[in-house]
Amino acid sequence: MPDIGIIGAGISGLAAAYRLQQQGLSVQVLEASGQTGGVIQSESAEGFLIEHGPNSIRAGDAALETLIDALDLHEDRVWANDVADTRYVVRNDQPTPLPRSVGAFLTTDLFSARAKLRLLAEPFIGRAAVEEESVARFTERRLGPEVLKYAVAPFVGGVFAGTPDTLSVRHAFERLAALEDEYGSLLLGAIRRALTSNDEETPDTPSGLFSFRGGLQTFPSALADALGDCIALNAPVHALAHDGTAWRVTVAPTDAATHTRSFDALVCTVPLHRLSDMRLETSVDLSPLGDVTYPPLSVLALGYERDAIDHPLDGFGMLVPPVEDSFDVLGSIFSSTLFPGRAPEGHVLLTTFVGGARAPQHATSDAASLQGLVARDLDSLLGVDASPVFRRLVHWPHAIPQYEIGYGAVKNTLNALEETHPRLAFAGNYRAGVSVGDALASGLQAADRLLGANEQAGQPH
Ligand SMILES: Cc1cc2nc3c(=O)[nH]c(=O)nc-3n(C[C@H](O)[C@H](O)[C@H](O)COP(=O)(O)OP(=O)(O)OC[C@H]3O[C@@H](n4cnc5c(N)ncnc54)[C@H](O)[C@@H]3O)c2cc1C
């Protein structure tokens, strides 16, 4: 029975390990930190349930649903409140609902009449003259400057903690670039796809945002429980080398002696900013991997008495576009509106994000200075007139990989590594999307790749 090592117990590593174990292979997960789940961490304190990392997962993927079935998590799952379809974007210092229908678009104050008319020109705009464009250039060219400023730029801040000027549309928003490639127009392409999509193909797959009663960490914890005692915590991997027969993995815990383990195959899910510190013996040039930016991000969860806030908090949250530069926060999630059980009776929970690629200088681990900055913005935008009764600050020095212009070199390097070493696979949020669902899918793909290599006897390492 081949012995497979999985490096990293984030969602991608746990998903890969689970799939391989289900296929009867022997797996060993090596995790550097003292817990599983990677950035997915939930905490209950003083009646509040806070998320240190991701807050929600988007349903709709059949493999994700199969996993939730297999782990028997349906009873624990909680769906986003219906009002969470409303997302506020700040314009002229006011949180303004992002329109969700043609009627709402025509009457919204978020876009000027000129911006609305500009959209009508979209089907007549030609394809890009250059191979790779930034998200900003692409959006401005196709949809006009206001859609960039008040829809796409805040969205990019919310998803990547990034800026549209540096991200590559082809790598960060593959589906948008594909609409232009295929149909020559985003609007016509979206309409054509909606008309031709066959809903009967996935009749039972639910859609919408979800979490779990005990927070998102329920998911990786259930995977870890199902995997049993094959997870080694506090086991940071420092080096990988192939000795002609097996992969030799060097583990160097701080409180124990360095030791080496052998595996027939490996799945590596270490974030790229950590991978560059690891010794990996290969003929492939790894330098593009070390160039990927992971900006810092701070997450401040604040609990208030409900009466302390004027705003109805009737939505998913609010995003602050960079153009509204009197504010410093990237945006806030109305956490206690989004999911039940996030705050004690009579209280609300807001989760605010600061820093990212837009303003890395504001991301700090100093709670007092961050709270001053956040309190000023929340007071001005939501009408908060009392001190929080609860606060928790989480600082991520390296939050989310930025799929910047030239990211193709990163993807090519990872593909070259896998081609050169068929028994080494890579998974994680740097492969094909940064969401929890994307990271999980990449873990399953890495497992399938090794299962395929396993069937082909006599493969090189
Ligand atoms: C603040 C924040 C908010 C987010 N919000 C959302 C959201 O609402 N919805 C959404 O879908 N996505 C969200 N994301 C993105 C998503 O959560 C992540 O992209 C995804 O969970 C990453 O999973 P992963 O397995 O690729 O990596 P990670 O979770 O980073 O796991 C990698 C693991 O590898 C371990 N490791 C590192 N080095 C070594 C080593 N040398 N040896 C052994 N182990 C090692 C790490 O300790 C870690 O456990 C958010 C991310 C952040 C940071």
Side-chain angles (χ1 to χ4, degrees), residues 5-17 28-42 50-61 64 80 157-162 209-211 215-217 219-220 223-224 231-240 249-253 266-280 294-301 316-317 330-331 333 335 338-339 351-356 363 394-401 403 426-444 446:
I6 318 289
I7 308 172
I11 195 70
S12 58
L14 293 171
Q28 166 80 69
V29 182
L30 301 166
E31 164 57 43
S33 73
Q35 62 183 31
T36 58
V39 300
I40 307 180
Q41 295 174 24
S42 315
I50 56 167
E51 296 290 359
H52 292 193
N55 282 255
S56 59
I57 302 180
R58 182 159 293 285
D61 179 71
L64 173 65
V159 174
F160 277 87
L209 295 175
F210 69 88
S211 179
L216 267 195
Q217 199 176 342
F219 192 23
L223 274 168
I231 303 176
L233 299 177
N234 303 307
V237 170
H238 278 220
L240 309 177
V249 173
T250 307
V251 181
L266 292 176
V267 178
C268 181
T269 73
V270 172
L272 298 178
H273 65 90
R274 299 279 296 268
L275 191 69
S276 29
D277 299 336
M278 238 162 75
R279 265 185 297 120
L280 169 56
Y294 282 73
L297 183 66
S298 293
V299 182
L300 186 63
F316 177 95
L330 299 179
I333 296 179
S335 305
L338 184 57
F339 294 118
T351 306
T352 301
F353 299 84
V354 181
V394 180
H395 177 65
W396 297 101
H398 305 280
I400 295 177
Y403 291 24
F426 288 85
N429 58 5
Y430 49 83
R431 285 230 74 166
V434 297
S435 72
V436 172
D438 295 328
L440 181 137
S442 81
L444 297 177

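Residue numbers start at 1 and run along the sequence shown. Keep in mind that the numbers below use all heavy atoms, side chains included, and drop hydrogens, waters and symmetry copies. Start at 1 and go down the list; that is how both ligands and their atoms are numbered.
For atom 5 (N) of ligand 1, the nearest non-hydrogen atom of the protein is Pro54 CA, 3.1 Å. Nearest protein heavy-atom neighbour of atom 49 (O) of ligand 1: Glu31 OE1, 2.7 Å. Among protein heavy atoms, the minimum distance from atom 12 (N) of ligand 1 is reached at Val436 N, 3.4 Å. When only non-hydrogen protein atoms are considered, atom 15 (C) of ligand 1 lies nearest to Val434 O, 3.1 Å. Annotation: atom 51 (C) of ligand 1 to nearest protein heavy atom, Ile400 CD1, 3.7 Å. At the shortest separation from atom 29 (O) of ligand 1 among protein heavy atoms lies Val39 N, 3.0 Å. The closest protein non-hydrogen atom to atom 9 (N) of ligand 1 is Ser56 O, 2.9 Å. From the protein, the heavy atom lying nearest to atom 53 (C) of ligand 1 is Ala399 O, 3.9 Å.
For a threshold of 3.5 Å applied to N or O pairs, the pair formed by Val237 and ligand 1 contains at least one separation below that value. Looking at ligand 1, you'll find an N or O of Asn429 within less than 3.5 Å of one of its N or O atoms. Considering backbone and side-chain atoms together, Gly437 places no N or O closer than 3.5 Å to any N or O of ligand 1. At under 3.5 Å, a nitrogen or oxygen of Asn55, whether backbone or side chain, sits near a nitrogen or oxygen of ligand 1. Taking distance alone, with nitrogen or oxygen atoms compared against 3.5 Å, Gln35 stays at or beyond that limit from ligand 1.
Remark: ligand 1 atoms within the under-4.0 Å shell around heavy atoms of Trp396 are 1 (C). Near Gly38, meaning under 4.0 Å from one of its heavy atoms, ligand 1 places the atoms 29 (O), 31 (O), 48 (C), 49 (O). Of all atoms in ligand 1, numbered sequentially from 1 with element shown, those under 4.0 Å from a heavy atom of Ile7 are 42 (N), 43 (C). Residue contact check: Leu297 has heavy atoms under 4.0 Å from atoms 1 (C) of ligand 1. Residue Gly10 approaches ligand 1 through these ligand atoms, each under 4.0 Å from one of its heavy atoms: 25 (O), 29 (O), 31 (O), 33 (C), 49 (O). The ligand atoms of ligand 1 that sit less than 4.0 angstrom from a heavy atom of Ser12 are 24 (P), 25 (O), 26 (O). Residue Gly53 approaches ligand 1 through these ligand atoms, each under 4.0 Å from one of its heavy atoms: 1 (C), 2 (C), 3 (C), 4 (C). Counting the atoms of ligand 1 from 1 in the order shown, those under 4.0 Å from a heavy atom of Pro236 are 42 (N).
Here the side chains of Val270 and Phe426 are not in contact, with every heavy-atom distance at 4.5 Å or above. Two residues are said to be in side-chain contact when any heavy atoms from C-beta on lie closer than 4.5 Å; Leu440 and Leu64 meet this criterion. Inter-residue side-chain proximity for Leu297 and Leu330 is flagged as met; some heavy-atom pair is nearer than 4.5 Å. The shortest distance between side-chain heavy atoms of Trp396 and Val39 falls below 4.5 Å. Looking at Ile7 and Leu240, their side chains come closer than 4.5 Å, going by heavy atoms from C-beta outward. No side-chain heavy atom of Asp438 sits less than 4.5 Å from a side-chain heavy atom of Val436.
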For side chain to side chain donor-acceptor pair (under 3.5 Å), just list the numbers for His395 and Ser298, CA-CA rounded to whole Å, side-chain angles, deciding distance to a tenth of an Å, and then say yes or no. CA-CA 4 Å; His395 177 65; Ser298 293; 3.0 Å; yes
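In this structure, Ile50 and Ala301 approach most closely via the heavy-atom pair CG2-CB, 3.7 Å. The two residues Gly443 and Ala16 come nearest to each other via the heavy atoms O-CB, 3.3 Å. The two atoms that bring Ser12 and Ser442 nearest to each other are CB-OG, 4.1 Å, heavy atoms only. Nearest heavy-atom pair, Phe210 versus Arg58, reported as atom, atom and distance to 0.1 Å: CE2-C, 4.3 Å.
Counting only distance, with no hydrogens or angles, the side chain of Ser42 and the backbone of Leu216 share a donor-acceptor pair below 3.5 Å. In this structure a side-chain-to-backbone donor-acceptor pair under 3.5 Å is missing from Glu51 to Gly53.
When heavy-atom distances to ligand 1 are checked against a 4.0 Å cut-off, Ala439 comes that close only through its side chain, counted from C-beta outward. Under 4.0 Å from ligand 1, the heavy atoms of Leu30 that appear belong solely to its backbone. Looking at Ala427 against ligand 1, nothing comes within 4.0 Å, counting heavy atoms.
Less than 4.0 angstrom separates atom 27 (O) of ligand 1 from none of the non-hydrogen atoms of the protein.
Taking the six-membered ring where the residue is Trp, His273 and His398 present parallel rings, their angle staying beneath 30° rather than reaching 60°.
Thr351 and Ser335 share a donor-acceptor pair across their side chains, judged by distance under 3.5 Å alone.
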